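Working notes for the structure below.
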Amino acid sequence: MLLGVNIDHIATLRNARGGVEPSVEKAAEIAEENGATSITTHLREDRRHIKDEDVYALISKLKTRLNLEMAMADDIREIALDIKPYSICLVPERRQEITTEGGLNVADQLDKVKEFIKPLLDAGIIVSLFIDPDERQVKASAETGAQFIEMHTGAYSECYGYEEEEYEFLKLKKSAELAQSLGLKVNAGHGLNYENVHRMHEIDGLHELNIGHSIISKAVFTGLSKAVSEMRDLIK
Ligand code: PXP
């Protein structure tokens, strides 16, 4: 199973000061050096973390693959067609949300999704649809021409360790089986962390996991002691 690292929160931290640190490109480089098989960024319509210049910089520097998350917005699609990432992942987007809260409703807007992704597919960009692990959404996704789905693991992650875990996990497992039987490749992500990720191995054929928040959060504490002691040494 491959690991895509989402580095959006490096940009969140950078933007808090409006400068250039911490560098998104450096974060991508470190992730790649340590086993990331792709780098994921979400160019949101409100540009709250990743900015246009970040995706242009990343596309020229990455050694692996850029997976660009995007909503069904024409101006973002123009950027995708310009930079040609390896893949895009179509996500729903609401301005007020803190993070991507649910999967894309492909089933109720099949023609719109098909029309939106056609130029991307024609340009040779792989298309993934971020959907809830739901039979209707999986079947609709298989009709769009997209090669991948990414299953939203948020509900599973939230229930992990509670009674509903098994129910949410089985939805993921069954959706992955259905998707694969319909010719789709399957990724998964959202809310996965160091405790709950192990169950993804129980789902046959999962291609790649996209993980951001838990990795960046852990990085703060694995790096904080060194950061403090280095500064302590400098000011002694
Ligand atoms: N996959 C998709 C489509 C997402 O929108 C996100 C969050 O940006 C992730 C994966 C990663 O989620 P998390 O940051 O919770 O690991």
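All heavy atoms count here, side chains included; hydrogens, waters and symmetry mates do not. We count ligands from 1, going down the list as the structure has it; atoms in each ligand are counted the same way. Owing to the predicted nature of the structure, the values given are computational and were not obtained by experimental measurement.
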Run the numbers for me: atoms of ligand 1, each under 4.0 Å from some heavy atom of Gly191, listed by number. 12 (O), 13 (P), 15 (O), 16 (O)
Can you name the atoms of ligand 1, numbered from 1 with element, that are less than 4.0 Å from a heavy atom of Asn210? 10 (C), 11 (C)
State plainly whether the residues Arg47 and Asp52 are in salt-bridge range, i.e. N to O under 4.0 Å. yes
Those atoms of ligand 1 less than 4.0 Å from some heavy atom in His213: 13 (P), 14 (O), 16 (O)
Contact region, Glu150 to ligand 1, non-hydrogen atoms below 4.0 Å, reads side chain
Looking at Phe130, which atoms of ligand 1 are within less than 4.0 Å of one of its heavy atoms? 2 (C), 3 (C)
What's the verdict on side chain to side chain donor-acceptor pair (under 3.5 Å) for Asp82 and Tyr56, showing C-alpha distance, side-chain angles and the deciding distance? CA-CA 9 Å; Asp82 191 31; Tyr56 279 93; 2.5 Å; yes
Would you call Asp74 and Arg77 a salt bridge, using N to O less than 4.0 angstrom? yes
Does even one non-hydrogen atom of Ser214 get within less than 4.0 Å of ligand 1? no
Any salt bridge linking Lys174 with Glu135? Criterion: basic side-chain nitrogen under 4.0 Å from a carboxylate oxygen. no
For Ser141 and Val113, run side-chain contact (heavy atoms from CB on, under 4.5 Å): C-alpha distance rounded to whole Å, both residues' side-chain angles, the deciding distance at 0.1 Å, then the answer. CA-CA 9 Å; Ser141 299; Val113 172; over 6 Å; no
Is there a nitrogen or oxygen of Gly212 sitting under 3.5 Å from a nitrogen or oxygen of ligand 1? yes
Counting from 1, what ligand 1 atoms have a heavy atom of Val91 closer than 4.0 Å? 3 (C)
Under 4.0 Å between a side-chain nitrogen and a carboxylate oxygen: does that hold for Glu115 and Lys118? no
So, Glu32 and Arg65, do they make that salt bridge, N to O below 4.0 Å? no
Ligand 1 contact by Glu69, heavy-atom criterion under 4.0 angstrom: yes
Numbering as shown, the atoms of ligand 1 that approach Asn6 to under 4.0 Å (heavy-atom distance): 8 (O)
